[in-house]
J.: 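Dropping the structure in here first, questions after.
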Amino acid sequence: MSNVVMDPRPVARKLLARPQQEGVGAVVRRSIGRFELKHFDPFLLLDEFSVSSPAGFPDHPHRGFETVTYMLQGAVTHEDFEGHKGTIEAGDLQWMTAGRGIVHSEMPASQGTQKGLQLWINLSSGYKMIEPRYQEMNSEDIQEAKKDGVKVRVIAGEAMGVKSPIYTRTPTMYLDFTLKPGARILQHIPMSWNAFVYVLEGEGIFGNSRSLPVSAHHLLLLGSGDGLDAYNKSSKSLRFILVGGEPLGEPVVQYGPFVMNTQEQIDQTIEDYENYINGFEKARYWNSESTVGFGH
Ligand code: FJE
Ligand code: FE
């Protein structure tokens, strides 16, 4: 039975994500993608971001991976060089396969502080140059399951009998769990996958039941086993995400927002971007509306 957890994964590594400046005036707590943890195959970056107008992430490119934006508070307006535009609000999801190339802006859509998570998932060599694609879900369309003090929102993959319609080019699970005081979950994770927990609110016991509680803004890399054991021993609600993915096992060469397999491919990408070719054609005469008047 694939849903049974026989051998819960231990916590192999714990990291606190401290705030740092990114984009223009934005603050991110970066866990994956920082110096101590460049990548966690197939994941390239995990940022818990916080942006208030006029800060944001003005026009910038991506190639070779997917960006997954999940809003926690407020709203972000995105706009790309093909005219694809929209606003992602609290609880909404944007799963963007950049493939051969996207140039876009991601800017606050309202007053106050906009908060969310952005995860970068690598694409395997055969998919790095595919056509860009978006999968977007409004909060009310993201299915939830509730049982015994546990609530799960299924962003990608399957949990507690609920399955997400999101297509993951790199096999991935992405679950948003909320546990009431005293609640516990056992969640299956495929044995060969890499998986992590990122704590959003409250405190939880992960893996070994004798381990110390872990609080918000901590990333936990899980060791080997067939699932996660999480327990809320505290008197407050616990919220965390559990993300897992099949490792690609390929060389990763990264230059900022371009992630390829070799230095030659990165050099080619910079050339493509600078010359508006091989997927970057539409960047030639484009500036996002949000950047016009932003001071650029
Ligand atoms: C980027 C620096 C950046 N984390 N979280 C360099 F900030 C970015 C970037 C983001 C980003 C955007 C949102 Cl909406 C949320 C983020 C980094 O846009 F792509 C590069 N290369
Ligand atoms: Fe981006």
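Atom set for the values below is all heavy atoms of this structure, side chains included, hydrogens, waters and symmetry mates excluded. Atoms within a ligand are numbered from 1 in the order they appear, just like the ligands themselves.
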J.: Which ILVMFWY residues can you reach from Val28 by hopping between side chains whose heavy atoms are under 4.5 Å apart?
T.: Phe49, Val51, Phe57, Met71, Val76, Ile88

J.: Evaluate whether atom OH of Tyr285 has more than 12 neighbouring non-hydrogen atoms of other residues, nucleotides or ligands under 6.0 angstrom away.
T.: no

J.: Write none if no such pair exists; otherwise list each N/O atom of ligand 1 with its protein N/O partner under 3.5 Å and the distance.
T.:
residue: ligand 1; atom: 4 (N); partner: Asp47; partner atom: OD2; Å: 2.6
residue: ligand 1; atom: 18 (O); partner: His60; partner atom: NE2; Å: 3.1

J.: Under 3.5 Å, is there a donor on one side chain and an acceptor on the other for Ser139 and Arg153?
T.: yes

J.: Under 6.0 Å between the ring centres of His84 and His104?
T.: no

J.: So with a 6.0 Å cut-off around CZ of Arg184, is the heavy-atom count from everything else above 12?
T.: no

J.: Please, which pairs that meet side-chain hydrogen bond (donor to acceptor under 3.5 Å, both in side chains) have at least one residue in residues 33-50, sequence neighbours excluded?
T.: Arg30-Asp47, Arg34-Glu36, His39-Gln254, Glu48-Tyr198, Glu48-His217

J.: Hey, what's the ring geometry for His62 with Phe65, parallel, tilted or perpendicular (30° and 60° as the breaks)?
T.: perpendicular

J.: Could you please spell out the steps behind the salt bridge (charged side-chain N to carboxylate O under 4.0 Å, His left out) verdict for Lys85 and Glu289?
T.: CA-CA 10 Å; Lys85 187 175 174 174; Glu289 285 165 33; 2.9 Å; yes

J.: Please determine if Arg100 and Asp272 form a salt bridge, counting it only when a charged side-chain N lies under 4.0 Å from a carboxylate O.
T.: no

J.: Everything protein-side that's N, O or S and under 2.8 Å from the Fe ion (ligand 2): list it, residue and atom.
T.: His60 NE2, His62 NE2, His104 NE2, Glu106 OE1

